[in-house]
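The structure under discussion appears below in the form of C-alpha cells.
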Amino acid sequence: MTANQVTLWYLAASVLFILALKGLSSPTTARRGNLYGMIGMAIAVLVTLAVVARGRVDLIVLAMIAGGAVGAFVARRVQMTQMPELVAAMHSLVGMAAVLIAVAAVNNPSSFGVPDPLPAGNKLELFIGTFVGAITFSGSVIAFGKLAGLGRRFRLFSSAPIVFPGQHWLNLAIGLVMIGFGVAFFLSEEPNWTAFIVMTGLAFMLGVLIIIPIGGADMPVVISMLNSYSGWAAAGIGFSLGNAMLIIAGSLVGSSGAILSYIMCRAMNRSFVSVILGGFGAEEGARAADAGQRTVKSGSAEDAAFLLENAQSVVIVPGYGLAVARAQHAVKEMVDLLIEKGVQVRFAIHPVAGRMPGHMNVLLAEAEVPYDLVFEMEEINGEMGTVDVALVLGANDVVNPLAYEKGSPIYGMPIIDVHKARTVIVNKRSMAAGYAGLDNPLFYMDRTMMVFGDAKKVVEDIVKALH
Amino acid sequence: MGAAADPTVVNLVIFVLAVFVGYHVIWNVTPALHTPLMSVTNAISSVIIVGAILAAAPAEPDFGSILGVVAVALASVNIAGGFLVTQRMLEMFRKKDRPAGKSDG
C-alpha cells in the first residue's frame, strides 16, 4: 500500500469516528453510530497491520486477541452501576498506552517513519503527549479507586478530599519542574533519557496529586476531565507521529470530555477551577445547626402508595441513592403498576444525578424504563407546578430550593423544581445533609412527606401496597 | 508560496478543524446518552493502537518494540471493551414494545 492509500483509508476511518459520535444525538441512531465506530477502528487497525506486514505481525495479533478478550469479558460482565469505574479504568489504559508509545518513539524514531534523531518539533509533541498521557494514567487510577470504593482500605483512594497545606503550590512547583525537564529534553541534541524519565515520573506523581483533593460529589467532572485528557494525549501522539487520523480522533475525544466537564460544572453551578482545586465536600456530613429544631412530617410506604395511586401525574426524581440501593428494578415495577392504574408517570433527571454524565439514564434504561418517560431537568421544570406528586428517591442537593436564595452556598445551581409540585414525597435514609453539607428546606414544607429508609426497601413496600 | 507548509503546521490545521467538528457534534449528543458517549470516546481514543502497532513492528525485537506490544494489548482492551459496553448500553435504550402515540420528549 502506498502512503497515499494509507492516508485515504485513515481519512475514511476518521469520518466514521465522527459519524459514530453524531449517531449519539438520538437513541434511535446511536446503535448504527456505534457500528460506524467499530468499522472505522477495524479499518485503522487492518491498514496499519498491512503497513507493517513485514514486521512481527504474529506477536501484534496475539497481543490484540489477548487484550480484546479481556475487554470483551469486562464489557459483558460489568454492572451498570459500575460504569464510572470502568470508564475511569479505560481512561488509564489510554494514558498508559500513550506513554509507552512515546517511550518507544524516543527509543527508535525510525520505526514510526519519524527522522532519527528526532526533529525539535516531534520532540516537543512527544513531550506533551507523554506528560498528558502520564497524568491521565495516574489520575484515572486514583479516580478509579475513589469510584470503586477502595478508600476504605487505602487512604489514597478516599472519596473524601485529601487536602494539606500548600497543596496547590506543591502541584504548581512539580508542574513547573516537569515542564523544565521537558524543555531540557526538547533542547538536547541526543535523546536525553534522564530528562525524559524524570519528566514522565513527575507527570505520574502530578496525576495522583491533582485528583486526590477532589471529593466524591465532583466525580462527574473528574471523569469527564480525564476523558478529555485521554483524547488530548492521543492527539499529542498523533502530532508526534504525523498521523492525521490520531489527531482527529484525539481532538474529538478531547473536546467531548471538555464539553461534558463544562456541562457538569454548569449543572453544579461551580467553576471548573474550583472543582480542580478541590476540597469541596471536606465537611461532608456536617449538618445545619437548626436541623433538629424544625419538624418534618414523616409517613410510611403505605401512605406514599396511597398518595401515588390517587394522583393524576407523578414525577420521580432519582438520585445517586437510588443507584447505591440498586432500586431501579423495583422502581420500574412501581411505575408499571401506577401506569396500569392510569397515573401519568415521568422521570426527571438532573445532569449530575449519578456518578458520571448520563449515568442515571443508563440505570433506568437497564431497568427497562422506556426512555420517552425520562425527561431532562430543563424539559420538565416548567410543568412541575401542575404535577400532583413528586417522588424524590435518594436525591438531595439537586432538589434543594436554597438554590434560589441569594447568599446560600448553592445559590444559582439549577435544580429540579420539586417544591412546586402539589405534594412531595422524599425518600432518604436519614436526615443527613447531602454532599454540599446543606440543610434542605424542601423537607420541612407542609406539602412534603418524608419516608425514611433504604430506597430499595421503601419502593418494594410501595409496590406491595399498590398490589 | 514556494515550499509546502511545515508538516507540524498542517497537523495544527487538522487539529483545530477537528476540535471544531468535535465541538459541534458533541453539543448535539442527547444528555441521556452521555454515558455511552464516554465509553465510545474511550474506544475511539484507543485508535492510538496504530502508534502501538508501529512501535511493536520492528523485526528485531528491542526495548521499544516490547513496550509497543504491551501498548497494543492495553489499547485492545479498550477498543473491545469500549465498543462492546457501548453497544450493551445502547441495546437498553432500544424502544420496548409499548403502545405508540406518545411523542419523544
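- Counting only distance, with no hydrogens or angles, the side chain of B:Thr35 and the backbone of A:Pro357 share a donor-acceptor pair below 3.5 Å.
- Both the backbone and the side chain of A:Ile223 come within less than 4.5 Å of a heavy atom in chain B.
- If you measure heavy-atom distances from A:Met38 to chain B, the contacts under 4.5 Å come from both the backbone and the side chain.
- Of the possible polar contacts, none joining the A:Asn243 side chain to the A:Gly238 backbone as a donor-acceptor pair under 3.5 Å is found.
- The candidate with the highest count of non-hydrogen atom pairs below 4.5 Å against chain B, out of A:Val362, A:Val74, A:Ile248, is A:Val362.
- Only the side chain of A:Met41 comes within contact range of chain B, judged by heavy atoms closer than 4.5 Å.
- With hydrogens and angles left out, the side-chain atoms of A:Tyr262 and A:Ser224 include no donor and acceptor closer than 3.5 Å.
- Chosen from B:Ile44, B:Val19, B:Leu17, the residue pairing most often with chain A at heavy-atom distances under 4.5 Å is B:Ile44.
- Contacts of A:Glu366 with chain B are made by both backbone and side-chain atoms, with heavy-atom separations under 4.5 Å.
- Within the 4.5 angstrom heavy-atom criterion, only side-chain atoms of A:Leu241, from C-beta onward, approach chain B.
- When the candidates A:Asn227, A:Val70, A:Val45 are compared by the number of heavy-atom contacts under 4.5 Å with chain B, A:Asn227 comes out ahead.
- By the 30° and 60° cut-offs, the orientation of the rings of B:Trp27 relative to B:Tyr23 is perpendicular.
- For A:Ile263, the part lying under 4.5 angstrom from a heavy atom of chain B is the side chain only.
- With chain A as the partner, the residue from B:Ala18, B:Ala80, B:Ser76 showing the most heavy-atom pairs under 4.5 Å is B:Ser76.
- Proximity to chain B (any heavy atom under 4.5 Å) is restricted, for A:Tyr10, to the side chain, taken from C-beta onward.
- For the atom pair CE (A:Met356) and NE2 (B:His34), the distance works out to 10.5 Å, reported to the nearest 0.5 Å.
- With chain B as partner, the option from A:Ser256, A:Ala367, A:Ala30 having the largest number of non-hydrogen pairs under 4.5 angstrom is A:Ser256.
- Note on B:Gly68, B:Ala43, B:Ser45, B:Ser46: by heavy-atom pairs under 4.5 Å with chain A, the leading option is B:Ser45.
- The backbone N or O of B:Ser65 sits nowhere less than 3.5 Å from a side-chain atom of A:Arg56 that would complete a donor-acceptor pair.
- Interface residue B:Asp62: only side-chain heavy atoms are found under 4.5 Å from chain A.
- If you tally non-hydrogen atom pairs under 4.5 Å between each of B:Val16, B:Val70, B:Ile53, B:Asn28 and chain A, the highest count goes to B:Ile53.
- Residue contact with chain B, scored on non-hydrogen atoms closer than 4.5 Å, is absent for A:Ala66.
- Chain B forms the most heavy-atom pairs under 4.5 Å with one residue out of A:Ala44, A:Ala104, A:Ala75, A:Ser26, and that residue is A:Ala75.
- Using bins of under 30°, 30° to 60° and over 60° for the plane-to-plane angle, the ring pair B:Phe93/A:Tyr371 lands in the tilted bin.
- A distance-only check finds no donor-acceptor pair linking the side chain of B:Thr41 to the backbone of A:Val253 [under 3.5 Å].
- Side-chain contact check for A:Asn108 versus B:Pro58: some heavy-atom pair is nearer than 4.5 Å.
- Look at B:Glu91 and B:Arg94 and you find a salt bridge, because one of the NZ, NE, NH1 or NH2 atoms lies within 4.0 Å of a carboxylate O, short of that distance.
- Top candidate by heavy-atom pairs under 4.5 Å with chain A, chosen from B:Ala75, B:Gly51, B:Ala56, is B:Gly51.
- Residue A:Ala249 comes nearest to B:Val47 through the heavy atom pair CB-CG1, 3.5 Å, listed as atom of the first residue, atom of the second, then distance.
- Between the A:His91 side chain and the A:Ser228 main chain, no donor and acceptor come within less than 3.5 Å of each other.
- For the atom pair CZ of A:Arg31 and CG of A:Leu24, the computed distance is 12.0 Å after rounding to the nearest 0.5 Å.
- Looking at B:Ile49, the atoms closer than 4.5 Å to chain A (heavy atoms on both sides) all sit in the side chain, from C-beta outward.
- When A:Met360, A:Arg76, A:Lys22, A:Glu125 are compared by the number of non-hydrogen pairs under 4.5 Å with chain B, A:Arg76 comes out ahead.
- Using a 4.5 Å heavy-atom cutoff, the side chains of B:Val29 and A:Leu21 are not in contact.
- When heavy atoms are compared at a cutoff of 4.5 Å, A:Arg32 does not approach chain B at all.
- The greatest number of non-hydrogen atom pairs below 4.5 Å with chain B, out of A:Leu252, A:Ile259, A:Asn107, is found for A:Ile259.
- Among B:Val40, B:Val85, B:Val77, the residue with the largest count of heavy-atom pairs under 4.5 Å with chain A is B:Val77.
- Contact annotation for A:Ser111: both backbone and side-chain heavy atoms come within less than 4.5 Å of a heavy atom of chain B.
- Interface residue B:Leu37: backbone and side-chain heavy atoms are both found under 4.5 Å from chain A.
- In this structure, chain A has no heavy atom under 4.5 Å from any part of B:Pro7.
- Heavy atoms closer than 4.5 Å to chain B are found in both the backbone and the side chain of A:Asn361.
- In this structure, the side chains of A:Leu93 and A:Ser140 stay at 4.5 Å or more apart for every pair of heavy atoms.
- Here the side chain of B:Asn42 pairs no donor or acceptor atom with the backbone of B:Asn78 at under 3.5 angstrom.
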